[in-house]
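See structure below.
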Amino acid sequence: MAKVELKKPIVDEIASQVKDAEAVVLVKYLGMTVEQDTAMRKELREAGVTYKVYKNTMMNFAFQGTQCESLQKHLDGPNAIAISQDDATAPARILAKYAKTVKPLELVAAVVEGTYFDEAGVKELSDIPNREVLLGRLLGSMQSPIANFARVIKQIAEKDGETGSEAAEAPAEA
């Protein structure tokens, strides 16, 4: 069996993962300890993110014809790839958190929802909260005007109730 035939399934695996991915983040990992790598992989796995180390040539072939073609220029040296099918910010958020404490880990670039981001862009993406937090904030901002309106109406009703009872008491005293 030729080498190309052995590598084709791996290239197809990478291509199928990045084809419909919400986010693909490329990192340099050389110099991490086993404990650091294990903790990071565990957190990525819990968030539903696939994190793997592939050969650059295989990633290069897999990225051709996909939204990740812009990552090909960064394929030099030891790289790892984090892929999320559901959450667009999870890989950037988790990897940036580890990059702050684990110096050898370096964010390289990302493609999120078809848009290319360099290292600075990936760091900005990492500041965006996850979907549930954003939905909670949206719901809170939608409820706030309604709650304020209800509070004002209640205060008006209480004030009218006080003036109405004072008016009713005043003629009784006279």
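Along the sequence shown, the residues carry numbers beginning at 1. Because the structure is predicted, anything quoted here is derived from the model rather than measured. Below, all heavy atoms of this structure are taken into account, side chains as well, without hydrogens, waters or symmetry copies.
In this structure, Lys19 has no side chain to side chain donor-acceptor pair (under 3.5 Å) partners at least two apart in sequence or on a different chain. Every side chain to side chain donor-acceptor pair (under 3.5 Å) that Arg41 has, sequence neighbours left out, goes to Asp37. Partners of Ile156 by side chain to side chain contact (heavy atoms under 4.5 Å, CB included), not counting sequence neighbours, listed by chain and number: Val152, Asp160. In this view, Glu43 and Lys97 satisfy the salt bridge (Lys or Arg N to Asp or Glu O under 4.0 Å) rule, not counting sequence neighbours. Not counting sequence neighbours, Asp86 has no partner by the salt bridge (Lys or Arg N to Asp or Glu O under 4.0 Å) test. Scored by the side chain to side chain donor-acceptor pair (under 3.5 Å) test, Lys154 finds no partners at all (sequence neighbours excluded). With sequence neighbours left out, Gln72 forms a side chain to side chain donor-acceptor pair (under 3.5 Å) with Asn60. Partners of Lys52 under the salt bridge (Lys or Arg N to Asp or Glu O under 4.0 Å) rule, at least two apart in sequence or in another chain, are Glu13. For Glu119, the salt bridge (Lys or Arg N to Asp or Glu O under 4.0 Å) partners are Lys123, not counting sequence neighbours.
A single hydrophobic cluster is not seen to contain both Leu30 and Tyr98; linkage of ILVMFWY side chains at heavy-atom distances under 4.5 Å, directly or through other members, places them apart.
For residues 101-116, the set of pairs meeting the salt bridge (Lys or Arg N to Asp or Glu O under 4.0 Å) definition, not counting sequence neighbours, is empty. Under the salt bridge (Lys or Arg N to Asp or Glu O under 4.0 Å) criterion, the residue pairs touching residues 62-78 are Lys28-Asp76, with sequence neighbours excluded.
Ala23 approaches Pro91 most closely through the heavy-atom pair CB-CG, 4.0 Å. Nearest approach of Asn56 to Gly77, heavy atoms of both residues: ND2-O, 2.7 Å. Residues Leu95 and Leu105 approach most closely at O-CD2, 3.7 Å, considering heavy atoms.
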- Query: What's the verdict on side-chain hydrogen bond (donor to acceptor under 3.5 Å, both in side chains) for Thr33 and Gln36, showing C-alpha distance, side-chain angles and the deciding distance?
  - Reply: CA-CA 5 Å; Thr33 65; Gln36 293 166 336; 3.2 Å; yes
- Item | Residue pair Gln85, Asp20: steps toward the side chain to side chain contact (heavy atoms under 4.5 Å, CB included) verdict | CA-CA 7 Å; Gln85 302 296 334; Asp20 298 323; 4.3 Å; yes
- Query: Checking side chain to side chain contact (heavy atoms under 4.5 Å, CB included) for the pair Lys8/Glu5: CA distance, chi angles, key distance, verdict?
  - Reply: CA-CA 5 Å; Lys8 180 96 171 96; Glu5 292 172 6; 5.8 Å; no
- Could you please spell out the steps behind the side chain to side chain contact (heavy atoms under 4.5 Å, CB included) verdict for Tyr51 and Val27? CA-CA 10 Å; Tyr51 177 82; Val27 296; 3.9 Å; yes
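With hydrogens and angles disregarded, no donor-acceptor distance shorter than 3.5 Å links the side chain of Gln17 to the backbone of Asp12.
Between the NE2 atom of His74 and the SG atom of Cys68 there is a distance of 11.5 Å, given to the nearest 0.5 Å. Atom NZ of Lys159 and atom CD of Gln155 lie 10.0 Å apart (nearest 0.5 Å). Rounded to the nearest 0.5 Å, atoms OG1 (Thr57) and NZ (Lys7) are 5.5 Å apart. Rounding to the nearest 0.5 Å gives a distance of 14.0 Å between NZ of Lys55 and CG of Asn79.
Residues Tyr29 and Pro104 have side chains not in contact (no heavy-atom distance under 4.5 Å, counting atoms from C-beta outward).
The hydrophobic cluster around Leu75 extends to Ile10, Val11, Ile14, Val18, Val24, Leu26, Tyr54, Met58, Met59, Phe61, Phe63, Leu71, Ile81, Ile83, Val108, Val111, Tyr116, counting ILVMFWY residues whose side-chain heavy atoms fall within less than 4.5 Å of a member.
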